[in-house]
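All of these numbers come straight from a predicted model, not from anything done at the bench. Below, chains carry the letters A, B, ... as their sequence lines are ordered, and counting in each starts from 1.
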2 protein chains.
Amino acid sequence: MAKREHTGHEWGQLANAVGPRVRLLRNALAARSIAALEEFALPTGSLTVLSLIAANPGSNQTALAKAAGVNKSALVGIVDELEKRGLAARDRSASDRRRNHLTVTPVGEATMKAMLARVAGGESKVRDALGLRDHLKLLELLDRANAALE
Amino acid sequence: MAKREHTGHEWGQLANAVGPRVRLLRNALAARSIAALEEFALPTGSLTVLSLIAANPGSNQTALAKAAGVNKSALVGIVDELEKRGLAARDRSASDRRRNHLTVTPVGEATMKAMLARVAGGESKVRDALGLRDHLKLLELLDRANAALE
DNA sequence: TATTGTTATACTCTATAACTATA
DNA sequence: TATAGTTATAGAGTATAACAATA
């Protein structure tokens with residue numbers, strides 16, 4: 001468990017620490033994702049935001065930011081860009097005019113699917129290495145870990 | 001699986017994606033770690049680097065950077081600070097004088113342990129939520145995922 | 001008084017390129 | 001010609017504080 005065959009380095013006192021391993025994986029996935037989505041010229045996190053809006057139409061920005069794991073300030077810029085490109089729409093909520101009612105346009109839906117196809121590469125490397133069963137297990141454990149830290 | 005009870009948001013098209021979940025967890029753990037280690041006034045990543053040097057004495061910086069998941073350029077600053085504070089020593093390797101031979105000082109060992117005690121909080125929240133068996137499983141899956149992306 | 005979205009701002013993290021000294 | 005460490009630099013990521021509009 002403490003041995004890391006791929007680098008030859010041992011974790012030592014951090015043998016049972018989740019933090020450094022998660023950072024390592026996040027960096028690797030982020031690098032691949034950024035490279036894969038370069039052609040879309042959208043800010044990082046756009047795909048996550050787009051997917052969340054599509055799955056939860058009408059969501060407001062504060063809740064969305066929390067779910068996406070980005071700051072609400074940072075989300076402004078992302079939504080700005082999505083709106084400018086015609087991928088998402090930002091309308092004032094009728095019931096609470098402080099809130100923005102967010103939706104994904106048809107073009108946004110199509111773009112999202114094209115982006116997903118691009119990102120699939122890095123994701124599938126993990127899925128292939130783990131196998132279906134352990135892949136689902138990893139998703140479950142990450143969700144539970146996130147819930148515990150909320 | 002697609003439902004995220006804690007925020008009420010669904011992942012939608014990203015229901016089986018590791019990337020966003022890992023980012024979420026990394027951010028949460030990083031924020032806790034930074035807050036917990038604030039009193040030490042050391043650059044982020046110092047604990048990981050210190051632990052890796054301690055467990056692999058004499059390791060050179062390039063290999064260390066890769067294992068720690070930080071850029072070799074960024075590692076220079078971290079080691080600078082560790083050296084200035086007397087926590088680690090940087091000596092030229094006798095066999096290959098391009099390389100630095102890194103070791104942890106006794107003070108560094110003590111500091112490392114104090115830091116580990118501080119970080120334990122965030123880590124234990126995850127461990128408690130997952131239980132021993134699933135905690136170890138998570139470590140295993142993260143290692144395998146990292147190896148797959150190397 | 002509290003909350004939503006926004007702006008401004010700063011700091012951290014990470015990557016790239018170029019330099020030096022060694023090999 | 002290649003590698004280890006260093007420096008300089010830029011870009012992306014994230015966070016905080018303050019503000020206007022609204023509740």
Rounded to whole angstroms, how far apart are [atom1] on [X] and [atom2] on [N]?
{"X": "A:Glu38", "N": "D:dA12", "atom1": "CD", "atom2": "C1'", "value": "14 Å"}
{"X": "A:Lys66", "N": "C:dT4", "atom1": "NZ", "atom2": "P", "value": "11 Å"}
{"X": "A:Arg32", "N": "C:dA15", "atom1": "CZ", "atom2": "P", "value": "13 Å"}
{"X": "A:Asn27", "N": "D:dG13", "atom1": "CG", "atom2": "C1'", "value": "11 Å"}
{"X": "A:Ile78", "N": "D:dA15", "atom1": "CD1", "atom2": "C1'", "value": "14 Å"}
{"X": "A:Asn60", "N": "C:dG5", "atom1": "CG", "atom2": "P", "value": "5 Å"}
{"X": "B:Leu37", "N": "C:dT12", "atom1": "CG", "atom2": "C1'", "value": "15 Å"}

Distance-only donor-acceptor test, [X] side-chain atoms vs [N] base atoms, 3.5 Å:
{"X": "B:Ser73", "N": "C:dT16", "answer": "yes"}
{"X": "A:Thr62", "N": "C:dT3", "answer": "no"}
{"X": "A:Arg98", "N": "C:dT3", "answer": "yes"}

Using a cut-off of strictly less than 4.0 Å, decide whether B:Arg90 has a side-chain nitrogen or oxygen near OP1 or OP2 of D:dA4. no
DNA chain D: A:Thr44 or B:Lys72, which has the more 5' nearest nucleotide? B:Lys72
Please tell me which of A:Asn71 and B:Arg99 maps to the more 5' nucleotide of DNA chain D, matching each residue to the nucleotide holding its nearest heavy atom. B:Arg99
Tell me, with the steps shown, if A:Arg85 and A:Thr111 meet side-chain hydrogen bond (donor to acceptor under 3.5 Å, both in side chains). CA-CA 11 Å; A:Arg85 295 271 290 271; A:Thr111 304; over 6 Å; no
When you get a sec, tell me which of D:dA23, D:dT6, D:dT14 is the closest nucleotide to the side chain of B:Val76? D:dT6
Of the listed C:dT7, D:dT14, C:dA23, the closest approach to the A:Asp80 side chain comes from C:dT7
dist B:Leu87:CG -> B:Leu42:CG (nearest 0.5 Å) comes out at 6.0 Å
With hydrophobic residues grouped by side-chain heavy-atom distances under 4.5 Å, do B:Leu102 and B:Val107 end up in a single group? yes
Would you check if the side chain of A:Thr105 reaches a backbone N or O of A:Gly108 as a donor-acceptor pair within less than 3.5 Å? yes
Just grab all the salt bridge (charged side-chain N to carboxylate O under 4.0 Å, His left out) pairs involving residues 27-37 of chain A, residues at least two apart or on different chains. none
